[in-house]
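Data block below; observations after.
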Amino acid sequence: MSASRSVAALAAFTEVAGCPTARAAFTQGIDLDRLLAGTGYDVAFGQSEFAFARGTRFEAIVKGDRGNGVCSYGPMLELLRDELGFDISQARTANLRALHPPPPPHLLATDKRHLAARAADTRRLVGEIARGVPGCVNFIDGAVLSATVGGQTAFYETDGLAFRLGGQLRIVEIKSFPKVDGQVDPAALASALDQGALYTLLVEHLLVDLGLEPSLVSRRLVLICPRNVALTPCLSERDVSARIRRIERLLESIPDSGSQPVAPFAGAARAAGRTAAARLAALEDICDQIGTCYGDACQSCGMLRLCRDRAHASGDVRTLGDRRARQLAGIPTLQRAVTLAGGSPPTAAEAGAGGALRAAAILRDQALTRTVPS
């Protein structure tokens, strides 16, 4: 039931961090995408096989992967040269994925020695690059950063780290979503930028741990994605400073999992091997105790359907979406909104939204009763 401690998982958590149940689950390493598997509330997440294959193919093109784990990095280095002025004649690469291959699939969930080795090499290489050691590498493929979040230490993989660009480390993110006429899907872009911001923050922490200045890493993310519908790589830069500040505040606020006297998800974990009804009952009890926060951001959460039904049942105004909920500020339930529209006197907290509801109801009634001249 442990959640995957990856940068993608951290980035996804930032979207639902306002929910008390989601925060407790993340702190205790509970994967909400799997907690409701096999029940009527199960939500299918993850890339389709087509999208996964496209992503794998695009990354191979960018890195010049010949299919045997050996990469020339030609297309990527040419982009860095043409767009950012990276001197490819001085390129010295380190492929940590090839140097420390993963174990067989059946051991991947428990055997992390390859990640630990990559993290140790990343730490050493970043230190050499930042200190300007003669002859050191200046591009790291498959860098791994070790960090502790919420009292749990895990390994986080990056697409690439480049150096010698204006005297700073640069983070490279490779994504297969297309850039069509200069535009990309906003949701996909936001997710990529959050991941890039997390990578950057983790590298800053690594530099501080090495006794170096965090400003040695640039906060301008290098994003490589396909141009239009083909798989021709293109490069753009995005400043992720604001995202880093938001994510840093969020991660610092996550309580240590060991500091909680009672693990709220203990009952759900014990019920994991039981019937769907038992798991749902355990989870409903947790939600009742801790509370949930249903809203637009919940589209990425594994508890989406369960929390949506709970919100509907309670008349939560957030079931109308965050924009409408803001317009109904101060009104506790949809049922109360209906009575205010019908003329019920509002409280002080309800006065603004209640007055607007009543005015809208009067206009509606007038429109419905107006007779049309013959």
Ala230 backbone acceptor or donor facing Asn228 side chain under 3.5 Å: no
Under a 4.5 Å cut-off applied to non-hydrogen side-chain atoms, are Tyr73 and Ile88 in contact? no
In terms of heavy-atom contacts, Cys234 and Arg227 come closest through CB-NH2, 3.4 Å
In terms of side-chain geometry, is the basic nitrogen of Arg124 or Asp121 positioned less than 4.0 Å from the acidic oxygen of its partner? yes
Taking Ala341's backbone N and O only, do any of them form a donor-acceptor pair with Arg358's side chain (distance below 3.5 Å, no angle check)? yes
Step through the shown structure and confirm whether more than 12 heavy atoms of other residues, nucleotides or ligands are within 6.0 Å of CD on Glu83. yes
Is it true that Asp141 and Lys63 have a side-chain N and a carboxylate O under 4.0 angstrom from each other? yes
For the aromatic rings, using the six-membered ring if either is Trp, is the centroid distance between Tyr156 and Tyr199 under 6.0 Å? no
Any heavy-atom pair between the side chains of Ile331 and Leu340 that's under 4.5 Å? yes
Would you say the side chains of Ser314 and Asp316 form a donor-acceptor pair under 3.5 Å? no
Check ion pair Arg170-Glu237 (N to O, under 4.0 angstrom): yes
Thinking salt bridges, do Arg305 and Asp42 make one under a 4.0 Å N-O criterion? no
Side chain of Arg118, backbone of Gly142: donor and acceptor closer than 3.5 Å? yes
OG1 of Thr93 to CG of Leu77: how many Å apart, nearest 0.5 Å? 7.5 Å
Would a 4.5 Å heavy-atom cut-off, applied to side chains only, mark Ile174 and Met76 as touching? yes
Does the side chain to side chain contact (heavy atoms under 4.5 Å, CB included) test come out yes or no for Leu189 and Arg238, once each step is laid out? CA-CA 10 Å; Leu189 177 61; Arg238 300 279 181 158; 3.8 Å; yes
Check whether any side-chain N or O of Arg92 sits under 3.5 Å from a backbone N or O of Cys136 as a donor-acceptor pair, and report yes or no. yes
What's the separation between atom CZ in Arg310 and atom SG in Cys287, rounded to the nearest 0.5 Å? 4.5 Å
What is the minimum heavy-atom distance between Thr292 and Cys19, and which atoms define it? CA-SG, 3.8 Å
What verdict does the side chain to side chain contact (heavy atoms under 4.5 Å, CB included) test give for Leu145 and His205, after you've listed the backbone C-alpha separation in whole Å, the side-chain angles of each residue and the deciding distance to 0.1 Å? CA-CA 10 Å; Leu145 304 162; His205 289 175; over 6 Å; no
State the CZ-CG distance between Arg81 and Asp87, to the nearest 0.5 angstrom. 9.5 Å
Can you find a pair of side-chain heavy atoms, one from Tyr41 and one from Met303, that are under 4.5 Å apart? no
Main-chain N/O of Gln183 paired to Asp181 side chain as donor or acceptor, under 3.5 Å: no
Under 3.5 Å, side chain of Asp111 to main-chain N/O of Pro103, donor-acceptor pair present? no
Measuring only between side-chain heavy atoms, which start at C-beta, is Val62 closer than 4.5 Å to Glu59? no
Hey, does the side chain of Glu350 reach the backbone of Thr347 with a donor-acceptor pair shorter than 3.5 angstrom? yes
Rounded to the nearest 0.5 Å, the OG1 atom of Thr200 sits from the CD atom of Gln195 at a distance of 11.5 Å
Pro226 and Ser176: which non-hydrogen atoms are nearest, and at how many Å? CG-O, 3.5 Å
Quick one: do Leu207 and Leu169 satisfy side chain to side chain contact (heavy atoms under 4.5 Å, CB included)? Show the steps, please. CA-CA 10 Å; Leu207 290 170; Leu169 282 160; 4.1 Å; yes
Would you say the side-chain atoms of Thr21 pair up with the backbone N or O of Gly291, donor to acceptor, closer than 3.5 Å? yes
Please report the closest heavy-atom contact between Leu221 and Ala192, naming both atoms and the distance. CD2-O, 4.1 Å
Any donor-acceptor pair under 3.5 Å linking the side chain of Asp209 with the backbone of Gly211? no
Grab the two heavy atoms, one from Gln168 and one from Ser218, that are nearest each other, plus how far apart they are. OE1-CB, 3.4 Å
Flag the pair Thr158 / Ile140 as yes when at least one side-chain heavy-atom distance between them is below 4.5 Å, and no otherwise. no
Does one hydrophobic cluster hold both Leu320 and Leu357, with members joined at side-chain heavy-atom distances below 4.5 Å? yes
How about Val184 and Lys175: do any of their side-chain heavy atoms sit closer than 4.5 Å? no
Where Pro178 and Arg54 come nearest, the two heavy atoms and their spacing: CB-NH2, 4.1 Å
Can you check side chain to side chain contact (heavy atoms under 4.5 Å, CB included) on Lys179 and Ser236, steps first, answer last? CA-CA 10 Å; Lys179 186 176 183 179; Ser236 60; 3.8 Å; yes
Does one hydrophobic cluster hold both Val208 and Val126, with members joined at side-chain heavy-atom distances below 4.5 Å? no
Rounded at 0.5 Å granularity, tell me how far CZ in Arg243 sits from CG in Leu250. 13.5 Å
Going from CD on Glu204 to CG on Leu206, what distance comes out if it is rounded to the nearest 0.5 angstrom? 11.0 Å
Check: Arg336/Ser344 side-chain N/O donor and acceptor closer than 3.5 Å: yes
Would you call Arg246 and Glu248 a salt bridge, taking side-chain N to carboxylate O under 4.0 Å as the test? no
Are Leu161 and Leu99 in one and the same hydrophobic cluster, where Ile, Leu, Val, Met, Phe, Trp and Tyr link if side-chain heavy atoms are under 4.5 Å apart? yes
Contact between Val137 and Ile129 at the side-chain level, heavy atoms closer than 4.5 Å - yes or no? yes
Are Leu84 and Phe139 connected, step by step, through hydrophobic side chains (Ile, Leu, Val, Met, Phe, Trp, Tyr) whose heavy atoms are closer than 4.5 Å? yes
